[in-house]
A.B. asks: 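Sharing a structure, written as structure tokens. Questions coming.
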Amino acid sequence: MIGKLRYALVFLVCLTGCTQQVMPWERGFLAKPQMQLDTDPERSKIMKHTFSSKEAATGGYGVGGGGCGCN
Amino acid sequence: MAVIKRNKSALSTLSLAALALPGVMASAADSDQYSVDTLFSRYSESQNRMKIDAYQASAYLPLTDTLNFRVNGVKDVVTGASPVTYYPAAGKAKMIMSGASIADVRDAVDISASYTNNLGQFGVDVGRSSENDYNSSFFNIDSKFDFNQKNTTLALGYGFASDNVWAIDHCPPHCEGMVGNEGKYRRSGVGGDKQNHQGLIGITQLLDKHSFVQANLTYSYSGGYLSDPYKAVYAPWVTEPYPNYADSGFMHDTRPGEKHQIAFLTRYVRHFSNLNSAALHLDYRYYADTWNIGAHTFELSWNQPIVDHWSITPKFRYYSQNAAEFYQPYYTSQRTDGFYSSDYRLARFGSVSGGVQIEKQFFSKLSVGFAIDFYKRDYSYSINGGAGSPVDNFTFSILSANINYKF
């Protein structure tokens, strides 16, 4: 598990290496609703809750929420 | 007055658009407008298994330019049946279901506050979830810091949850020592407390004026009672009768008392000007834990604005995991580590799912949407290894409808 973690950290460090500087007045497209990471937070919440109660994998999207007795 | 108000609103919207950095704005609703979001969804599993009606509501309250609150509430109404255990029949696993006896309600509420200043954005979230057989209390803190002329955002987060789980039986039919006192009672010998700590570090980076990428790394530690009190395993060397079942040869689901998990998520979002401002969302997540489960998740969606504030979003998802090192559909001999589970969620399997969402906005204030999603789990879809069984193949669908209003 630790070995795979190393690749993730290398990716994080390299992330800023291949980008263009975007000025504030150039961010109109990025600010559109369809460009948000979660375009529909309520629906996204129920889908993630469903997947995490039917699959072993969880995490990545943020911290938060309690568990459930989902079967 | 109306003109001034309209100009203020337009200026505010323009400022938000100019300063918005993906990852800083949690959602399009995080503006200077009060808003209410509601969602109803119906989850239905194949073979008359679980059915869940979920009611969600969320209110966003921006008190000042720098301080806002959000209140979320969820009610799940759960009915149906779930696999309890498996036994060998002609060399194959045969499932024993709980019967259509599950009837539960989950109520969850959480309140969050977010404060923004020159240093960054700071949030706290506190909540509680309760069911007939499960309680959870949790809090989370998160922060976001911009640098590189707001082209890069660093996110840090921590979450803690304290849970208590137990099993409920009904008399009748399970009336051992309960005759004359019919109703629900707590099964003895199973259940307990567990705690979970989560940490997150993430970076969101603008690539150009049409695209950005996010990479998140989360680590989670769980300790305590991590077994499922309703699940049993076939263990032919056990001579005592299993509680509520006449047969011997079964024992309680017994998992390690600790689990470390990591998840590495990368998300890519791209805007297409020449396709009516469509947006592509691509996600990949790698997951691993100390129960030796590894999993890959790929997600793709395409948000297409059409005309007159209509939009359509098709989605596709693929998931694959390998089995936990102690998982077996049924056991024929004792394990030296003493861990046993036949929970289908710890098996080797894969799944494909997809759906479509349609959204319509009215007067820039009211938004109404509808979505349908299908999910198919199959033992043979896994690209990972380990034990598993086709007996656990199933499908489910989710129908959902939402109404959102900005004041």
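Within every chain, numbering begins at 1; the chains are lettered A, B, ... in the order of the sequence lines, protein sequences first and strands thereafter.
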A.B. asks: Can you classify the ring geometry of A:Phe51 versus B:Phe396 as parallel (below 30°), tilted (30 to 60°) or perpendicular (above 60°)?
C.D. replies: tilted
A.B. asks: About how many Å separate CZ of B:Arg270 and CE of A:Met35, when rounded to the nearest 0.5 Å?
C.D. replies: 8.5 Å
A.B. asks: Out of B:Lys194, B:Glu359, B:Glu45, return the one with the most heavy atom pairs under 4.5 angstrom to chain A.
C.D. replies: B:Glu45
A.B. asks: State, with a plain yes or no, whether a side-chain heavy atom of A:Thr39 is found less than 4.5 Å away from one of B:His281.
C.D. replies: yes
A.B. asks: Can we say A:Glu55 and B:Arg317 salt-bridge, meaning some charged N sits less than 4.0 Å from an Asp/Glu carboxylate O?
C.D. replies: yes
A.B. asks: Any side-chain to backbone donor/acceptor pair from B:Asn303 onto A:Gln34? Under 3.5 Å, distance only.
C.D. replies: no
A.B. asks: Measure distances from B:Val269 to the heavy atoms of chain A and classify the residue's part below 4.5 Å as side chain, backbone, both or neither.
C.D. replies: both
A.B. asks: With only heavy atoms counted, which part of B:Ala323 is less than 4.5 Å from chain A, the side chain, the backbone, both or neither?
C.D. replies: neither
A.B. asks: Only pairs of heavy atoms separated by less than 4.5 Å count here; which of A:Ser44, A:Gly60, A:Gly59, A:Gly62 has the most with chain B?
C.D. replies: A:Gly60
A.B. asks: Would you say the side-chain atoms of B:Arg345 pair up with the backbone N or O of A:Ser53, donor to acceptor, closer than 3.5 Å?
C.D. replies: yes
A.B. asks: Which heavy atom of B:Tyr287 sits nearest a heavy atom of A:Thr58, and at what distance?
C.D. replies: CD1-O, 3.4 Å
A.B. asks: Do you know which of B:Ala161, B:Ser277, B:Ala295 has the most heavy-atom pairs with chain A at a distance under 4.5 angstrom?
C.D. replies: B:Ser277
A.B. asks: One pair to check against side chain to side chain contact (heavy atoms under 4.5 Å, CB included): A:Arg27 and B:Leu206. What are the steps and the verdict?
C.D. replies: CA-CA 10 Å; A:Arg27 296 178 191 176; B:Leu206 301 188; 3.8 Å; yes
A.B. asks: For B:Leu280, which atoms come within 4.5 Å of any heavy atom of chain A: side chain, backbone, both, or neither?
C.D. replies: neither
A.B. asks: Is B:Gln321 in contact with chain A via its backbone, its side chain, both, or neither, using a 4.5 Å heavy-atom distance?
C.D. replies: side chain
A.B. asks: Under a 4.5 Å heavy-atom cutoff, which of B:Phe160, B:Phe139, B:Tyr158 has the most pairs with chain A?
C.D. replies: B:Tyr158
A.B. asks: For B:Ala347, which atoms come within 4.5 Å of any heavy atom of chain A: side chain, backbone, both, or neither?
C.D. replies: neither
A.B. asks: Using heavy-atom distances under 4.5 Å, tell me whether B:Leu200 contacts chain A through its side chain, its backbone, both, or neither.
C.D. replies: both
A.B. asks: Does any backbone or side-chain atom of B:Asp228 lie under 4.5 Å from a heavy atom of chain A? Answer side chain, backbone, both or neither.
C.D. replies: side chain
A.B. asks: Below 4.5 Å from any heavy atom of chain A, which atoms of B:Ser273 appear? Answer side chain, backbone, both or neither.
C.D. replies: side chain
A.B. asks: In chain order, what residues pass the ring-ring contact (aromatic ring centres under 6.0 Å, His included) check against B:Phe349, with sequence neighbours excluded?
C.D. replies: B:Tyr319
A.B. asks: Strictly by modelled atom types, are A:Asp40 and B:Gln357 linked by a side-chain donor-acceptor pair under 3.5 Å?
C.D. replies: yes
A.B. asks: For B:Asp110, is it the side chain, the backbone, both, or neither that has a heavy atom closer than 4.5 Å to a heavy atom of chain A?
C.D. replies: neither
A.B. asks: Checking B:Ser353 against chain A: side chain, backbone, both or neither under 4.5 Å from a heavy atom?
C.D. replies: side chain
A.B. asks: Using a strict cut-off of less than 4.0 Å between a Lys/Arg side-chain nitrogen and an Asp/Glu carboxylate oxygen, indicate whether A:Asp38 and B:Arg267 qualify as a salt bridge.
C.D. replies: yes
A.B. asks: Does A:Ile46 reach the side chain of B:Ile398, with side-chain heavy atoms less than 4.5 Å apart?
C.D. replies: no
A.B. asks: Output yes when a side-chain donor or acceptor of B:Asn151 lies under 3.5 Å from a complementary backbone atom of A:Val22, and no otherwise.
C.D. replies: yes
A.B. asks: Counting heavy-atom pairs under 4.5 Å with chain A, which one of B:Asp76, B:Asn132, B:Asn196, B:Asp373 comes out on top?
C.D. replies: B:Asp373
A.B. asks: Examine whether an atom of B:Asp104 lies under 4.5 Å from a heavy atom of chain A, and if so say whether it belongs to the side chain, the backbone or both; otherwise answer neither.
C.D. replies: neither
A.B. asks: Do A:Gln20 and B:Leu207 have side chains that approach each other closer than 4.5 Å (heavy atoms only, starting at C-beta)?
C.D. replies: no
A.B. asks: Heavy atoms only, distances under 4.5 angstrom: which of A:Glu26, A:Arg43, A:Glu42, A:Lys32 has the most pairs with chain B? Name it, please.
C.D. replies: A:Arg43
A.B. asks: Give, for atom NE2 of A:His49 and atom OG of B:Ser41, the distance between the pair rounded to the nearest 0.5 Å.
C.D. replies: 9.5 Å
A.B. asks: Please check if the number of heavy atoms outside A:Lys48 that lie under 6.0 Å from its NZ is greater than 12.
C.D. replies: yes
A.B. asks: Can you tell me which portion of B:Ser400 sits under 4.5 Å from chain A's heavy atoms? Options are side chain, backbone, both or neither.
C.D. replies: both
A.B. asks: Taking side chain as everything from C-beta outward and backbone as N, CA, C, O, which of these in B:Pro229 sits under 4.5 Å from a heavy atom of chain A? Side chain, backbone, both or neither.
C.D. replies: neither
A.B. asks: Under a 4.5 Å cutoff for heavy-atom pairs, which residue among B:Asp133, B:Asn402, B:Asp125, B:Asp163 has the most contacts with chain A?
C.D. replies: B:Asn402
A.B. asks: Pair A:Tyr61, B:Leu265 - check side chain to side chain contact (heavy atoms under 4.5 Å, CB included), show working.
C.D. replies: CA-CA 7 Å; A:Tyr61 293 90; B:Leu265 171 73; 3.5 Å; yes
A.B. asks: Non-hydrogen atoms of chain A under 4.5 Å away: do they reach the side chain of B:Gln195, the backbone, both or neither?
C.D. replies: neither
A.B. asks: Contact part of A:Thr50 toward chain B, heavy-atom cut-off under 4.5 Å: side chain, backbone, both or neither?
C.D. replies: side chain
A.B. asks: Check step by step if side chain to side chain donor-acceptor pair (under 3.5 Å) holds for B:Tyr375 and A:Lys54.
C.D. replies: CA-CA 11 Å; B:Tyr375 178 100; A:Lys54 297 293 168 189; over 6 Å; no
A.B. asks: Carefully, step by step, assess A:Leu30 and B:His271 under the rule side chain to side chain contact (heavy atoms under 4.5 Å, CB included).
C.D. replies: CA-CA 7 Å; A:Leu30 298 170; B:His271 174 262; 6.0 Å; no
A.B. asks: To the closest 0.5 Å, what do you measure between NZ (B:Lys209) and CZ (A:Phe29)?
C.D. replies: 6.5 Å
